[in-house]
Amino acid sequence: MSYSLNKALQNISKKLGQQFEMTSDFEKRTIFKNKISLFYLNTIVDKDQIQSYIIEPLQKTLETANEVAPSIQQIKTMIYSASLKETNSIEEIKDALVKGNTFLLIEGDTGGLLIPTTKWIERGLEETLGERALRGPEVGFTENLTTNINIIRRMIQTPQLIIHTKPYGTYSKTDIAVVYIKHLVDQTILEEVQHRISNIDANYILASRIVEDAIEGKPKTFANLVMTKERVDTTTSALLEGKVIVLVDGNPYSIIAPSLFVDFFQAPDDYHLKTGRFVNRFIRYLGFISSIPIPGIYVGLEKFHSDKYSEKIQKDLFNHGELLPTFWEILILLILFRILIDIGSRAPKGTVIIITLLATLVIGDMSVSAHIIHPASLVVTGLSTYLSTLVIYRGQTGLLSLRYLFLITCYYFDLLSIIVVSTIVVLYLIQLKSVGVPYLSPLIPFKYDEFQDIFIRGNSRKLQRKSHEFPNVE
């Protein structure tokens, strides 16, 4: 609800006081014989800035003035601030105060001024720990939206870089910025992203997952239809490819749309190293795709085909008197490795080595020595987990849940079920779309012009001159 200051000017101080009466950091300062009042939250403003750029210029100018309070227009010429906003909305004043602005109220006038005086506490620019690379820029995003935009503008210095920022949330508002390059972006994709974000209905947005879910749309799927990046170089590269970037204040990474299946196999090293341009991505594709059916293949071989091998091979490769059946060995080990990765990524740094060592002893040596699990089962699940880290999310992609599907179908329906399940999965992935772009594009539907940067990293100079297109947008 909005109120005009000219209707209830004498009550504005009371209304703000009522709103922030339980807030200990709310402060009101009066100057010039109580004719000018300043309102702010002293924990998120720069007090030195208020003193130097607002109070001192006003007192110096007004000390020789008469009893009449100056007008808003006169105040604007006195304050040392690059940006000022005149407002007559009490709701706008409240929202501005919690963002670190100072509100200046003049007795007898019909409006007030919002003055930016924010001083957020934030960490400095640091190396990206979750997306390390052998070469290339190491700087990553921070939790401050302004800082992140500053970094992007430093790397892409063009007036064509457009940034739309808008607050979302009912109880607590969070700024969300949509970033794109005007002459490169696909307008259909841009409009779809903006439309989906505009439909966000949330009380607050503390985690970017809410925004990611909105951009992915419905129905929900296990595949990652958008990509989050900590690295600034890969984010700016996506902008130069005509993609849309979404930044959420308070979150140290960007959201890239569209994000296709092939994008998850491109690493920053590919564009900074001379070696491996022809084989690295083939290895990633082969390794990751193999990691999904490997556990199921092993279980199928043990249950339906172990009798075809010699007794020695059966003893060395398959269950030979171990406590747990092979199926349960693989399933439990996959879960344990998942738990180990989860603990390793979240545990305090000082305990990671101890946890890893303990897990190695318990899951590996002791379990095998006690004949609880077969050594081959440990090798198979370890290989599957190891190969799954070849994608960008280092084993965190939803596609890895397909391992359990292959494990179950191979256990009940033999190895031929791999063909059936793989066909169904491919057909399912074909119909998925990332903000209107087919998820498996440019593989399906086939787009030869886009293959310069799919299985191999093409010539860098040609890639820079190449115009990326999304012709399959709906």
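When reading the values below, keep in mind they use all heavy atoms of this one structure, side chains included, and skip hydrogens, waters and symmetry mates. This structure is a prediction, so every number in the text was calculated from the model and none was measured.
- Across all their heavy atoms, Leu239 and Val179 have their closest contact at CD2-O, 3.5 Å.
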Checklist entry - Tyr40 and Phe103: ring pair (Phe, Tyr, Trp, His ring centres under 6.0 Å), yes or no, with the steps? => result CA-CA 7 Å; Tyr40 52 87; Phe103 177 65; over 10 Å; no

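- Panel note: side chain Gln266, backbone Asp263; no donor-acceptor pair is recorded below 3.5 Å.
- The two atoms that bring Lys229 and Tyr253 nearest to each other are O-CB, 3.0 Å, heavy atoms only.
- Pairing each heavy atom of Ser81 with each of Pro116, the nearest pair is OG-CD, 4.0 Å.
- For the 3.5 Å distance criterion, the side chains of Arg403 and Ser384 qualify, holding a donor opposite an acceptor.
- Closest of all the heavy-atom pairs between Gly398 and Asn224 is N-OD1, 3.0 Å.
- Atoms CG and CG, on Asn251 and Leu206 in that order, are 8.5 Å from each other to the nearest 0.5 Å.
- For the pair Thr174 (side chain) and Ile205 (backbone), a donor-acceptor distance under 3.5 Å is present.
- Checking side-chain atoms of Ser259 against main-chain N and O of Val226 turns up no donor-acceptor pair under 3.5 Å.
- In summary, Lys76 and Glu86 engage in a salt bridge, as defined by a charged side-chain N under 4.0 Å from a carboxylate O.
- Tyr180 pairs in a side chain to side chain donor-acceptor pair (under 3.5 Å) with only one of the listed residues (Gln160, His164, Gln187), which is His164.
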Item to check | Worked verdict on Ile75 versus Ile79 for side chain to side chain contact (heavy atoms under 4.5 Å, CB included) | outcome: CA-CA 6 Å; Ile75 292 291; Ile79 295 176; 3.4 Å; yes

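- Thr385 contributes no side-chain N or O that, together with a main-chain N or O of Gly382, makes up a donor-acceptor pair within less than 3.5 Å.
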Item to check | Leu247 and Ile176: CA distance, side-chain angles, deciding distance, side chain to side chain contact (heavy atoms under 4.5 Å, CB included) verdict | outcome: CA-CA 6 Å; Leu247 302 172; Ile176 299 177; over 6 Å; no

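- In this structure, Ser52 contributes its side chain and Gln49 its backbone to no donor-acceptor pair below 3.5 Å.
- In this view, Phe455 and Phe282, Tyr285, Leu443, Phe451 satisfy the side chain to side chain contact (heavy atoms under 4.5 Å, CB included) rule, not counting sequence neighbours.
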Next on the checklist: Using the rule given for side chain to side chain contact (heavy atoms under 4.5 Å, CB included), can you reason through Leu97 versus Leu16, listing the C-alpha separation, both sets of side-chain angles and the distance that settles it, and then say yes or no?
Outcome noted: CA-CA 10 Å; Leu97 288 179; Leu16 292 176; 4.1 Å; yes

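- The pair Lys60-Glu56 does not meet the salt-bridge criterion, since no charged nitrogen lies less than 4.0 angstrom from a carboxylate oxygen.
- Considering every non-hydrogen atom in both Met78 and Pro57, the closest pair reads O-CB, 3.2 Å.
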Checklist entry - Checking side chain to side chain donor-acceptor pair (under 3.5 Å) for the pair Arg29/Ser37: CA distance, chi angles, key distance, verdict? => result CA-CA 6 Å; Arg29 169 74 187 277; Ser37 300; over 6 Å; no

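- Between Asp175 and Lys99 there is a salt bridge, since a side-chain N of the basic residue sits under 4.0 Å from a carboxylate O of the acidic one.
- Remark: the Thr102 side chain and the Thr117 side chain contain an N/O donor-acceptor pair separated by less than 3.5 Å.
- Applying the ring-ring contact (aromatic ring centres under 6.0 Å, His included) test to residues at least two apart or on different chains, the pairs with a partner in residues 192-232 are Phe222-Tyr428.
- In this view, Asp213 and Arg209 satisfy the salt bridge (charged side-chain N to carboxylate O under 4.0 Å, His left out) rule, not counting sequence neighbours.
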Checklist entry - So Glu92 and Leu114, side chain to side chain contact (heavy atoms under 4.5 Å, CB included) or not? Walk me through it. => result CA-CA 9 Å; Glu92 186 175 10; Leu114 290 174; 4.2 Å; yes

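- At least one donor-acceptor pair under 3.5 Å links the side chain of Thr236 to the backbone N or O of Val232.
- With values rounded to the nearest 0.5 angstrom, Ile181 atom CD1 is found 4.5 Å from Leu240 atom CG.
- Remark: of the listed residues Thr228, Thr234, Thr235, Thr235 is the sole one forming a side chain to side chain donor-acceptor pair (under 3.5 Å) with Ser254.
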